Amino acid sequence: MESHRNLPTNTVGFCLLPSELIQYIFLHLTLPDIIRIRSVNKSILSIISDKEFVRNYNLQSASAFATWLFIYKKRWHGDAILQGFVDCSNQWFKILIGELLKKVVPPGEDVYLLAASGNFFLFALNTSQQLVSVNHVTRAVIKIPQSPLGPRGTSSWRRSGMKLFSYPPGSNNFQFLFAELNESRPILYEYDSQTDIWVSREARENDGILSHGFETSNGCTFLSARDARSGSVVIATGSQYETPIILRSRFSRAINEEGQLAIGFSRENSVDQLNIYGDGKMMIVRSDNIHDATRKVRVMTGLELWGLSVNGRHWEYITTVPNELIEQIKKPYGAMMGCLQQRDRIIRAILMSNLEGIWDIIWLNYDILKKDWSRIVVPECKMKGSNMAGIALSSALTL
Amino acid sequence: MSSSTELTEKKVFLLKSLDGVIFEVEESVAVQLEVIRELIEGDCARPFISLYNVTSEILALVIEYCKHHAETCSGGTSATIADEDLKTFDNEFMNVDENILLELCSAADYLDIKSLFELTCRTLASLIKDRTIIEVRKMFNVENDFSVVEEKAVRKEFAWAFK
């Protein structure tokens, strides 16, 4: 088998390949790599700048190719920076938006990253109680009008159950959606950058509308409005439903692999539970307290993935992260937050924890078809001495 | 793979490379070349097929690849083992000189072998990924033809990617 290897060959050279072939090869590169090699020479630049190539690359990025994790971090004294890590790369990239934000953000303002999609980043300003969107490609910074709920600080925005959409890839418009209980009525709030107005719609009860099940593939969006141990309130919306639908989903009493009742299992002070919602799925993070006289320290003991049942009335147990994987990723922590996203058959979970100023980022993927968990190793992002001001998972940035 | 199958008459095809070398391949291997499969299905396949764009060196590799994939897929092993086996084979198979990779990529495109085409594209992309701009220039055998001002402008367009 080795005999014919490494024989001297006549040099083909990349540039002798037809440009369509080179484009196919380039489709396998991450965005930072593509942008990097634009400066190789003029012919490479023209191959990458080709309209057809840009369209194909952006479409592919949006389908399943690359998912970005963004972190907005603030140093104690000084600027904040936005960093991005893409799952098929091995380094963090800085996204330079500081100058852009300065145009609208007063000095000393407390800025928090809420969500990201396509080329858009959405920030909440704590002091001026304002939302701001930044498009790092067009360099447009826009103050979003107050939502029907009025001005609100960052703390009201630090929640799951929000969604930013920018479609098609490379689009210069976006929609921002969130759901909230307003005097116990679940309301869906929707902002569209094209019209620059908010629309609020009251959701109606799920009285058999969903008997045929969701068509998640058909653009149904799930937004969490309330999280409670016995169940939760999720609002489902999509072009196929006239009004948003309330899902009061309860936990089905599934038994997990250890034979324990997976939900409602609680010994005093020994079990800590964090629920992370996203795209009709939920991750339950179970932790134990480590006894320590001076500080509150926990360690993760298990991760479960749950999903909405077909009729939306229950949360159904899907899977547990294998113990070997838990052993690899668990570290003592003081506080934890996360986000969960599903795109096609892959569910992505980010868990971000902190212990006395030291941050740890865990990225797990679950493939629904293969029923397989995998871990994406996130390189060190030099968070020490910084304050975390928001994380977001996003479908691709575009060329 | 097994000796008993040799008793049954197998359809073979003769593939002639650009430099006139003739390769004898079984149908299970030949059909992986989409161009040939189309000929067979259209009943236009003659036993002797000339492939004008592929040298014997590259055709030998292509046949080796198709043979291994055909054998593994019909070997009766479980799908996961076959999958693992192919992965190992593919990795080893891609461990060749860059020029051979380029020729394989071009041949896989011409012969329309999707899996090999994907594999070579992915491998070539990973070579680019690990290199500096200067190394990429060498790889493509090109000179930097930007003026200082032009190069600065190109870099500035997506400034965030360079940090």
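All values reported here derive from a predicted model rather than from experimental measurement. Residue numbers begin at 1 in each chain, while the letters A, B, ... track the order of the sequences.
A:Phe70 and A:Phe121 have perpendicular rings, their planes meeting at more than 60° on a 0 to 90° scale where under 30° would count as parallel.
Screening B:Asp112, B:Leu15, B:Val25 for a side-chain contact (heavy atoms from CB on, under 4.5 Å) with B:Leu33, the sole residue that qualifies is B:Leu15.
Contacts of B:Asp109 with chain A are made by side-chain atoms alone, with heavy-atom separations under 4.5 Å and no backbone atom involved. In this structure, the portions of B:Glu118 lying under 4.5 Å from any heavy atom of chain A include both its backbone and its side chain. When heavy atoms are compared at a cutoff of 4.5 Å, A:Ile97 does not approach chain B at all.
Within the 4.5 Å cutoff, side-chain heavy atoms of B:Ile128 are placed close to those of A:Leu29.
Residues B:Phe23 and B:Phe13 keep their aromatic ring centres 6.0 Å or farther apart.
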